[in-house]
Engineer: 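A single structure is presented below for examination.
Per chain, numbering begins at 1; letters A, B, ... match sequence-line order. Hydrogens, waters and symmetry mates are skipped; everything else that's a heavy atom, side chains included, is used.
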Amino acid sequence: MRERYEPAEVEAAAQQDWAAAGTFTVREDAARPKYYCLCMFPYPSGKLHMGHVRNYTIGDVLARFMRMQGFNVLQPMGWDAFGLPAENAAIENGVAPAKWTRDNISHMKRQLQALGFGIDWSRELATCDADYYRWNQWLFLRMLERGIAYKTTGTVNWDPVDQTVLANEQVIDGRGWRTGAPVERREIPMYYLRITQYAEELLGALGRLDEWPERVRTMQANWIGRSEGVNVTFPWRVAGRAGELRVFTTRADTIMGVTFVAVAPEHPLAELAAQGDPGVRAFVDECRRSSVMEADLATMEKKGVATPLSVTHPLTGADVPVWVGNYVLMAYGEGAVMGVPGHDERDFAFAKKYGLPILPVIDVEGRGYSTDAWQPWYPEYGRCVNSGAYDGLDYAAAVEAIALDLESKGLGRRQVVWRLRDWGISRQRYWGCPIPIIHCPACGDVPVPDAELPVRLPEDLVPDGSGNPLAKSKAFVECRCPKCGAAARRETDTMDTFVDSSWYFFRFACAGNDRAMVDGRASYWMPVDQYIGGIEHAILHLLYARFWTRVMRDCGLTAVDEPFRRLLTQGMVLNEIWFRKPASGRIVYYHPSEVADGRLKADGQPVESGGVGTMSKSRRNGVDPQELVDRYGADTARLFMMFAAPPEHTLEWSDEGVEGAFRFMKRLWKTVHAHVQGGPAAPVERAALDAAQRGLRRQAHQALAKVGDDIGRRRTFNTAIAAVMELLNAIARFEDASPRGRAVMQEALELVVLMLSPFVPHAAHAMWRALGHATMVVDEAWPRPDPAALEQATVEIVVQVNGKLRARVQVAAGADEAAAREAALADPGVARFVAGQTVRKLIYVPGKLVNVVV
RNA sequence: GCCGGGAUGGCGGAAUUGGCAGACGCAGUGGACUCAAAAUCCACCGGUGGCGACAUCGUGCGAGUUCGAGUCUCGCUCCCGGCACCA
């Protein structure tokens with residue numbers, strides 16, 4: 001063992017030893033309990049960022065810890081390799097997305113290896129490989145057969161200059177990101193997956209995901225959005241035509257307060273009205289031109305237009321005018337609402353603006369209602385008034401009575417409506433998984449036969465920003481109809497990349513099978529025991545994966561329905577933001593390393609602080625993990641990230657903090673070095689130790705118990721590391737070169753190395769060898785705390801008088817209340833506060849505390 | 001607007017079941033070593049009063065429950081995140 005800690009040398013040697021032994025290559029083994037530890041796979045954007053390092057360090061610590069607990073641990077890694085950035089890079093640099101992606105993968109793989117993650121690389125996959133995405137296509141065809149996948153028209157953002165479809169993130173302030181042209185809405189045919197069919201199950205099962213963060217479960221529940229209500233029919237008749245307008249409402253109790261109905265601009269009734277009314281036509285067309293994004297819709301002014309149509313109130317028979325409103329969403333419920341201005345804020349505003357009558361029909365605890373101005377309590381539940389037969393009923397009774405009456409007339413039924421919508425997976429993009437459909441002029445849309453899968457994506461195309469290069473590739477598009485053999489066109493849309501990430505965890509478990517999507521190996525490994533990734537995937541990715549897994553289950557491919565048993569969402573990595581705002585021109589950002597005490601090092605002039613924020617290229621506050629590893633080694637980088645904050649919190653970058661972690665590594669190394677210079681130590685003779693030796697031994701075993709609990713149960717890696725630091729501080733104070741002292745020292749250092757080995761595996765590997773072991777520390781079992789070491793003859797208890805801390809006294813370990821009372825009252829510090837008063841009561845918490853109440 | 005989470009020293013954070021507030025680290029201060037600096041080591045490090053022992057206040061604000069509250073209850077303030085014209 002060298003005296004100096006040389007991370008580069010230590011880390012290369014450890015990695016070589018692991019590789020030579022095939023340490024992380026795992027096989028299914030029915031005799032051992034399995035543990036599948038998975039981190040969300042990265043998008044190969046170029047190089048690793050700090051968020052990756054944090055994510056994969058958390059996973060690696062858990063994987064190594066569980067391995068030491070005796071589990072057969074699988075920790076795989078792959079690449080979420082399809083997506084828009086590869087096309088953008090192609091547009092900028094003229095490089096094919098395939099080459100760009102694969103170059104990035106090989107670079108990032110080397111970086112991951114340098115960080116020492118215990119990954120089974122034999123299972124690596126990239127979603128852009130045909131032997132992966134062929135199974136996307138295969139399962140898509142099964143979904144078509146089962147009616148889970150279907151085709152219908154959908155709305156997209158259309159850039160009229162580039163003649164291309166834009167993703168939502170390519171629309172900036174309603175304009176195309178490259179052309180600046182106002183974006184239009186377009187209706188085009190797209191494929192959808194019927195996730196709504198699984199809404200009830202996806203929502204219900206959230207309750208059983210008790211090892212997921214509450215936050216994520218709530219977010220998913222809100223997203224799925226279950227509403228119970230009544231679907232009400234308003235019949236209409238106009239110029240010889242008749243029909244029924246349906247609306248959904250959760251407030252059937254207010255139905256007697258309906259003074260208008262409003263339909264979405266895309267609603268068939270709006271179209272009908274527009275045919276005979278230029279005013280309505282103009283309004284509907286205006287709505288169509290506005291943004292497709294709902295966030296924008298929400299902030300738009302509420303506007304509407306009256307139509308010449310009216311409908312019949314299902315209970316009163318009154319005529320109710322039909323309006324078209326821009327605030328009515330076609331995609332939710334029936335695309336139409338009943339207007340109850342008395343008790344709905346939007347309807348109230350709408351009625352005020354257009355002079356529609358406002359009729360209060362709910363009385364809330366006798367509070368006075370005025371139609372002059374909206375009051376926040378107007379939508380509260382109460383008793384029906386102005387409602388004929390329903391007067392006096394409360395919310396539940398009124399809904400019940402009204403639903404029954406509507407049902408008996410055939411003009412309504414109770415209904416559950418979901419906010420969740422079906423998943424549109426068609427993307428008019430090149431770099432994605434081709435949708436395996438052939439369009440035949442005679443046979444229509446024909447699925448590609450299984451035997452012809454995969455439909456391979458040509459890898460030599462270079463997008464130029466206008467349209468989808470696939471559509472321009474004759475070799476790809478032109479084909480024969482599988483049914484009739486006639487000339488046909490291949491579908492050029494590709495799948496949403498969320499499809500790729502919805503089942504990759506199954507594929508890791510049965511890598512390399514070219515005959516089936518999954519096999520028996522997947523039933524050994526699945527479900528994933530611990531999944532780790534960013535909170536930004538709390539809704540879409542995790543919901544799609546839960547859905548896709550259920551589809552696989554219903555296709556008989558797996559018995560699992562929840563893919564991820566336990567979920568950890570790690571916080572983001574933040575850094576300081578510094579900038580200057582010139583009088584004219586754009587804000588200039590400075591890297592925190594260029595700034596000291598609020599001044600730019602280069603010119604000594606002040607810069608403005610933007611607080612802390614996520615590391616990003618645009619704000620120039622990123623820290624490159626590579627520089628960190630080059631300078632301090634992977635172990636220090638890993639240690640700092642795990643120590644600086646609990647895994648779910650945001651982590652503020654601190655160069656000083658990294659220095660602190662490095663200092664700790666050097667101190668630990670030096671301590672081990674100094675110890676092993678003394679030659680081999682004898683085994684600990686438990687019975688023959690003096691007080692100081694027993695003390696260190698107790699601290700070591702206490703730390704061991706805490707660290708095991710912190711990693712295994714609490715996942716508070718920061719406190720685990722703090723406990724080891726505390727132990728090392730105690731070790732440093734322990735100066736005892738006697739044979740017995742050296743034996744205790746040897747044991748304590750071995751425990752430190754074992755406890756730290758999940759965090760700093762390379763240094764632990766070297767120090768374990770230095771401490772005299774032929775084995776690799778990575779193969780060691782997690783030690784059990786020795787109960788004998790934890791025993792104490794006396795314990796310190798705190799003494800309070802009236803709840804205020806007044807003294808600490810030593811009592812025998814198993815002391816009863818009488819003994820504790822005696823010791824407490826005998827203490828002079830306590831006596832001072834008790835003197836002259838009567839002890840009314842005495843609380844004793846054994847081994848901890850006495851509270852004297854006077 | 002609705003839902004969720006949070007607020008503890010100069011900073012990141014700890015206090016796990018209602019029982020010693022501030023573990024551990026960073027920054028800072030003083031000292032040792034050094035010609036000097038870096039590195040390293042030692043000590044101190046919430047406020048106020050006191051030479052000191054010690055006392056006293058202190059976990060966003062206001063109440064409450066309790067022998068005892070950072071932790072529980074009620075009411076506020078502010079911050080962060082999610083959803084958001086969802087009928």
Side-chain angles (χ1 to χ4, degrees), chain A residues 213-223 225-227 229 232 247-251 254 261-262 264 294-295 297-302 325-329 331-340 344-347 349-350 376 379 417-421 535-536 538-539 571-572 574 612 640 643-646 648-661 663-664 666-667 670 706 709-710 713-714 716 718-729 732 796-808 829 832 840-845 848-854:
Chain A
E214 182 67 39
R215 186 155 74 119
V216 174
R217 289 192 288 164
T218 325
M219 278 161 71
Q220 290 218 348
N222 291 342
W223 187 261
R226 183 179 197 275
S227 286
V232 185
V247 304
F248 172 75
T249 180
T250 54
R251 290 303 301 271
T254 64
V261 294
E294 285 180 6
L297 287 178
T299 55
M300 258 162 26
E301 192 194 347
K302 284 166 196 51
N326 67 349
Y327 69 96
V328 184
L329 299 175
Y332 185 76
E334 296 284 355
V337 297
M338 60 184 211
V340 185
D344 181 280
E345 189 170 3
R346 289 156 302 163
D347 295 346
F350 198 79
V417 162
W418 304 90
R419 206 198 77 105
L420 183 70
R421 296 172 208 167
I535 186 73
E536 66 274 21
I539 298 173
M572 292 184 294
L574 313 179
V612 290
F640 166 71
F643 176 65
E648 313 235 40
H649 282 209
T650 56
L651 184 151
E652 257 179 67
W653 192 258
S654 154
D655 288 333
E656 293 81 10
V658 177
E659 283 286 349
R663 259 200 300 272
F664 173 78
K666 287 190 288 191
R667 216 150 63 87
K670 216 169 68 182
K706 176 167 173 58
D709 187 50
D710 282 354
R713 180 179 62 88
R714 299 210 302 152
T716 51
N718 54 327
T719 56
I721 293 168
V724 180
M725 286 176 167
E726 236 178 317
L727 176 57
L728 189 67
N729 290 342
E796 186 184 80
I797 60 172
V798 298
V799 184
Q800 300 177 336
V801 179
N802 286 349
K804 280 188 198 289
L805 175 70
R806 295 302 179 189
R808 296 152 210 271
R832 263 172 65 206
R840 286 211 345 253
K841 197 170 165 187
L842 189 133
I843 314 279
Y844 177 49
V845 183
K848 272 193 174 165
L849 161 146
V850 168
N851 188 12
V852 185
V853 186
V854 297

Engineer: When the distance from CG of A:L651 to C1' of B:G25 is rounded to whole Å, what number comes out?
Structural biologist: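 Answer to the nearest Å: 13 Å.
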Engineer: Decide side-chain contact (heavy atoms from CB on, under 4.5 Å) for A:V337 and A:V247; before the verdict, give the C-alpha distance in whole Å, the side-chain angles of both, and the deciding distance to 0.1 Å.
Structural biologist: CA-CA 5 Å; A:V337 297; A:V247 304; 5.5 Å; no
Engineer: Both A:E659 and A:Y332 contact RNA chain B. Which one's nearest nucleotide lies toward the 5' end?
Structural biologist: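 Whichever sits nearer the 5' end wins; that is A:E659.
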Engineer: Can you tell me, in whole Å, how much space there is between the C1' of B:G9 and that of B:G28?
Structural biologist: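 Roughly 13 Å separates the two C1' atoms.
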Engineer: Using the P atom as the point on both nucleotides, what is the distance between B:G12 and B:A27, in whole Å?
Structural biologist: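 Pairwise P distance, B:A27 against B:G12, rounds to 15 Å.
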Engineer: Nearest of B:A87, B:A55, B:G13 to any side-chain atom of A:L329?
Structural biologist: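 Among the listed nucleotides, the one closest to the side chain of A:L329 is B:A87.
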Engineer: A:N718 side chain: which of B:C83, B:A14, B:C67 is closest?
Structural biologist: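 For the A:N718 side chain, the nearest candidate turns out to be B:A14.
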Engineer: State, to 0.1 Å, how close A:A262 and A:Y327 come at their nearest heavy-atom pair, and which atoms those are.
Structural biologist: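 In this case the closest contact between A:A262 and A:Y327 is CB-OH, 4.2 Å.
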Engineer: Given atom CZ of A:R808 and atom P of B:A21, what is their separation to the nearest angstrom?
Structural biologist: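 Going from CZ in A:R808 over to P in B:A21 covers 8 Å.
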Engineer: To the nearest 0.5 Å, what is the distance between CG on A:L420 and CD1 on A:I539?
Structural biologist: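 Here the rounded value is 11.0 Å.
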Engineer: Roughly how many Å apart are B:U71 and B:A39, using the P atom of each and rounding to a whole number?
Structural biologist: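 Result for the P pair: 42 Å, nearest Å.
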Engineer: What's the CD1-P distance between A:I535 and B:C80, to the nearest Å?
Structural biologist: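 One finds 17 Å between P of B:C80 and CD1 of A:I535, rounded.
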Engineer: Choosing from B:G12, B:C26, B:C67, which nucleotide comes nearest the side chain of A:R663?
Structural biologist: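 So the side chain of A:R663 is nearest to B:C26.
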Engineer: Record whether the side chain of A:K706 comes under 3.5 Å of the base of B:U16 through a donor-acceptor pair of N or O atoms.
Structural biologist: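 Yes.
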Engineer: Nearest to the side chain of A:R215 - B:A87, B:G19, B:G81?
Structural biologist: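 Per side-chain heavy atoms of A:R215, the pick is B:G81.
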Engineer: Would you mind telling me which of B:U16, B:C83, B:C57 lies closest to the side-chain atoms of A:K804?
Structural biologist: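 Closest of the options to the side chain of A:K804: B:C57.
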Engineer: Check RNA chain B for consecutive Watson-Crick or G-U pairs with both distances under 3.5 Å and list the runs of at least three as stems.
Structural biologist: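 Stem list for RNA chain B: B:1-7 with B:77-83, B:10-12 with B:24-26, B:28-32 with B:40-44, B:46-49 with B:54-57, B:60-64 with B:72-76.
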Engineer: In whole Å, what is the span from the NZ atom of A:K841 to the P atom of B:U66?
Structural biologist: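 For the pair A:K841 NZ and B:U66 P, the rounded distance is 10 Å.
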Engineer: Nearest of B:A87, B:G25, B:U16 to any side-chain atom of A:S227?
Structural biologist: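 That would be B:A87.
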Engineer: Select from A:F248 and A:K666 the residue whose nearest nucleotide in RNA chain B is closer to the 5' end of that strand.
Structural biologist: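 Here A:K666 is the residue nearer the 5' end.
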Engineer: For a quick check, tell me whether the side chain of A:R667 and the base of B:U40 share a donor-acceptor pair closer than 3.5 Å.
Structural biologist: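 For A:R667, whose side chain was compared with the base of B:U40, there is no donor-acceptor pair (under 3.5 Å).
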Engineer: Taking the P atom of each, how far is B:G6 from B:A15, in whole Å?
Structural biologist: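 Roughly 13 Å separates the two P atoms.
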Engineer: Return a single string for nucleotides 28-33 of chain B, one symbol per nucleotide in 5' to 3' order, where B is base contact, S is sugar-phosphate-only contact and - is none, cutoff 4.0 angstrom on heavy atoms.
Structural biologist: ------
Engineer: Would one find more than 12 heavy atoms of other residues, nucleotides or ligands at under 6.0 Å from atom CZ of A:R215?
Structural biologist: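 Not more than 12 within 6.0 Å, no.
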Engineer: Is the distance between the ring centroids of A:F643 and A:F664 under 6.0 Å?
Structural biologist: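 No: the rings miss the under 6.0 Å criterion.
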Engineer: Kindly point out which of B:C67, B:C85, B:U56 is positioned nearest to the side chain of A:Y327?
Structural biologist: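 That would be B:C85.
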Engineer: If anything within 90° of 0 is syn and all else is anti, what is B:G9?
Structural biologist: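 Because its glycosidic torsion lies within 90° of 0, B:G9 adopts the syn conformation.
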Engineer: Suppose you measure atom C1' in B:G70 against the same atom in B:G22; what distance do you get, rounded to whole Å?
Structural biologist: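 Their C1' atoms lie roughly 11 Å apart.
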Engineer: Could I get the full list of side-chain contact (heavy atoms from CB on, under 4.5 Å) partners for A:R714, not counting sequence neighbours?
Structural biologist: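 Applying side-chain contact (heavy atoms from CB on, under 4.5 Å) to A:R714 gives A:K706, A:D709, A:D710, A:T716, A:T719.
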Engineer: Evaluate the criterion side-chain contact (heavy atoms from CB on, under 4.5 Å) for residue pair A:V852 and A:N802; output intermediate values, then yes/no.
Structural biologist: CA-CA 6 Å; A:V852 185; A:N802 286 349; over 6 Å; no
Engineer: Report which part of the nucleic acid A:R840 touches: base, sugar-phosphate, or nothing (heavy-atom distance under 4.0 Å, all strands).
Structural biologist: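 No contact.
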Engineer: If you only use heavy atoms from C-beta on, which nucleotide in B:C67, B:G19, B:G82 is closest to the side chain of A:I539?
Structural biologist: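 Side chain of A:I539 sits closest to B:G82.
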Engineer: Go through the N and O atoms of the side chain of A:Q800 and the base of B:G19, and report whether any donor-acceptor pair is under 3.5 Å.
Structural biologist: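 Answer yes: a donor N or O sits under 3.5 Å from an acceptor.
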Engineer: Starting the side chain at C-beta, find the nucleotide from B:C86, B:U16, B:C3 nearest to A:T218.
Structural biologist: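 Among B:C86, B:U16, B:C3, the one nearest the side chain of A:T218 is B:C3.
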Engineer: Say you pick atom C1' in B:C86 and the same atom in B:U77; how far apart are they, in whole Å?
Structural biologist: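 The answer is 31 Å between these two C1' atoms.
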Engineer: Distance check, P atoms only: B:A23 and B:A14, in whole angstrom units.
Structural biologist: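 The answer is 13 Å between these two P atoms.
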Engineer: Choose from B:U16, B:G82, B:G81 the nucleotide whose nearest atom is closest to any side-chain atom of A:N222.
Structural biologist: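 Closest of the options to the side chain of A:N222: B:G82.
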Engineer: What distance do A:F350 atom CZ and A:D344 atom CG have between them, rounded to the nearest 0.5 Å?
Structural biologist: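 Reported to 0.5 Å precision, the distance equals 11.5 Å.
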Engineer: Taking atom C1' in both B:G60 and B:C80, compute the distance separating them and give it to the nearest angstrom.
Structural biologist: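 So the two C1' atoms sit 15 Å from each other.
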Engineer: Assign A:P646 to base, sugar-phosphate, or nothing according to its heavy-atom contacts below 4.0 angstrom with the strands shown.
Structural biologist: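 It contacts sugar-phosphate atoms only.
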